[in-house]
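Computed over heavy atoms, backbone and side chain alike; hydrogens, waters and symmetry mates excluded. Throughout, protein chains are lettered first and strands after them, A, B, ... in sequence-line order, and every chain is numbered starting at 1.
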Number of protein chains: 2
Amino acid sequence: MKQDTSFDWHEPGLTIGQVAQRSGVSASAIRFYEAQGLISSDRTAGNQRRYHGDVMCRLAMIEACQRVGLTLAEVGRALAGLPPGQAPNAEDWHALAERLRTEAQSRIDRLSQVLRELAPPA
Amino acid sequence: MKQDTSFDWHEPGLTIGQVAQRSGVSASAIRFYEAQGLISSDRTAGNQRRYHGDVMCRLAMIEACQRVGLTLAEVGRALAGLPPGQAPNAEDWHALAERLRTEAQSRIDRLSQVLRELAPPA
DNA sequence: TGTTGACCTCAACAATTGTTGAGGTTCTAC
DNA sequence: GTAGAACCTCAACAATTGTTGAGGTCAACA
């Protein structure tokens with residue numbers, strides 16, 4: 001979904017405001033995630049944050065993970081396997097994605113099981 | 001604490017300690033859920049809680065729902081459709097289960113979608 | 001060069017989801 | 001009828017996940 005016509009994925013020039021606007025995640029939340037080690041940034045000489053494009057990936061992932069009940073700590077542990085800062089390669093993402101999907105699916109399965117047990121065939 | 005070999009689903013005699021032990025949910029959490037309106041109890045003349053068997057259903061469901069990212073408020077809204085106190089009938093549970101499963105699955109789908117987008121075919 | 005909006009840090013507050021403990025009551029088994 | 005385990009309420013604390021605001025700095029444009 002690139003509604004973002006011109007944008008170099010690796011340009012390390014995104015300000016926190018730009019990231020916030022594009023991702024829909026508030027600047028305060030972004031700072032918070034950074035403080036928790038979920039994302040990282042470069043700093044300008046004047047100490048302002050500058051983000052790589054891959055931060056958008058991470059933010060989308062964080063949101064989706066939270067929606068399926070993973071805590072930030074869990075997401076953090078998952079992301080910890082990724083090369084920090086730079087854009088991770090496809091393999092990295094793939095392995096990560098697989099783990100997350102598996103975990104999420106197992107939770108759904110558990111819920112389904114509980115629900116099935118609770119609503120027996122009358 | 002009489003070890004319960006026989007157990008009538010509708011007997012309104014479970015103490016909070018018994019419920020806690022059987023469900024694995026702490027007594028404090030049970031009281032908390034009750035304060036939030038997620039479960040209910042009868043009281044003895046001496047003001048102690050006595051639970052119906054259906055509380056076990058609800059507790060299992062609450063746990064499973066939380067694991068897939070639903071808040072207690074969301075679970076509460078879902079449970080609100082159920083007849084309070086007494087054991088709900090199969091239809092009630094069925095409709096509820098369907099809604100929950102749907103919501104949970106849509107969250108998983110969203111995560112899967114995000115993950116797919118993030119890990120493109122290299 | 002000046003101004004103005006975006007950014008910085010840090011601390012305080014807030015909602016959610018409980019746990020812990022104090023102080024008192026009830027229930028059950030002897 | 002009494003001891004002790006289990007229960008009660010209420011308030012304080014705690015972790016997680018942020019938001020808000022104060023007070024100050026940076027950067028981009030005229």
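Distance A/Glu34 CD to C/dC8 P: 8 Å, rounded to the nearest Å. Between A/Asp42 atom CG and C/dC7 atom P there is a gap of 16 Å when expressed in whole angstrom units. Note: CD1 (B/Ile30) to P (D/dA6) measures 15 Å, nearest angstrom. Taking atom CD on B/Gln66 and atom P on D/dT17, their separation rounds to 14 Å, with Å as the unit. One atom, CG of A/Leu72, and another, C1' of C/dT16, lie 14 Å apart when rounded to the nearest Å. Protein atom CD of B/Gln21 is 16 Å distant from nucleotide atom P of D/dA5, rounded to whole Å. Straight-line distance from the CD atom of B/Gln48 to the P atom of C/dC27: 5 Å, rounded to whole Å. Rounded to whole Å, the distance from CG on B/Leu59 to P on C/dG18 is 11 Å.
Phosphate proximity of D/dT9 to B/Arg49: present, with a side-chain N or O under 4.0 Å from OP1 or OP2. Distances shorter than 4.0 Å separate none of the side-chain N or O atoms of B/Thr15 from OP1 or OP2 on D/dA6. B/Tyr33 has a side-chain polar atom (N or O) that falls below the 4.0 Å cut-off from OP1 or OP2 of C/dG18. In this structure, B/Arg43 reaches the D/dT9 phosphate: one of its side-chain N or O atoms is under 4.0 Å from OP1 or OP2.
When all heavy atoms of B/Val75 and B/Cys65 are compared, the pair lying nearest together is CG2-CB, 3.5 Å.
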**Request:** Take A/Gln113 and A/Asp109 through the side chain to side chain donor-acceptor pair (under 3.5 Å) test and state the conclusion after the steps.
**Result:** CA-CA 6 Å; A/Gln113 182 200 340; A/Asp109 292 345; over 6 Å; no
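Between B/Ala73 and B/Ala45, it is B/Ala73 whose nearest contact on DNA chain C lies nearer the 5' terminus. Ranked by how close their nearest DNA chain C nucleotide is to the 5' end, B/Thr44 and B/Ala29 are led by B/Ala29. Mapping A/Phe32 and A/Asn47 onto DNA chain D by nearest heavy atom places A/Phe32 at the nucleotide closer to the 5' end. Nearer the 5' end of DNA chain D, as judged by each residue's closest nucleotide, is the contact made by A/Ser26, out of A/Gly46 and A/Ser26.
Residue A/Leu38 holds its CG atom at 12.0 Å from CD1 of A/Ile30, rounded to the nearest 0.5 Å. How far CG of B/Leu100 is from CH2 of B/Trp93: 9.0 Å, rounded to the nearest 0.5 Å. Distance check, rounded to the nearest 0.5 Å: OG1 of A/Thr15 to CD of A/Gln21 gives 9.0 Å.
A salt bridge links A/Arg107 to A/Glu103: one of the charged nitrogens lies within less than 4.0 Å of a carboxylate oxygen. Using a cut-off of 4.0 Å between Lys/Arg side-chain N and Asp/Glu carboxylate O, A/Arg116 and B/Glu98 are scored as not salt-bridged.
With D/dT9, D/dT19, C/dT26 as the choices, the nucleotide that has an atom nearest any side-chain atom of B/Arg31 turns out to be D/dT9. Comparing C/dC7, D/dG18, D/dC7 by their closest approach to the side chain of B/Ile16 singles out D/dC7.
Here B/Arg49 pairs with B/Ile16, B/Arg31, B/Glu34, B/Ser41, B/Arg43, B/Tyr51 under the side-chain contact (heavy atoms from CB on, under 4.5 Å) rule; sequence neighbours left out.
Residue contacts for A/Gln36: at a heavy-atom cut-off of 4.0 Å it reaches no nucleic acid atom on any strand shown.
Helix bend of the helix from C/dT1-D/dA30 to C/dC30-D/dG1: the angle between its two end axes, each built from five pairs, comes to 10° after rounding to 10°.
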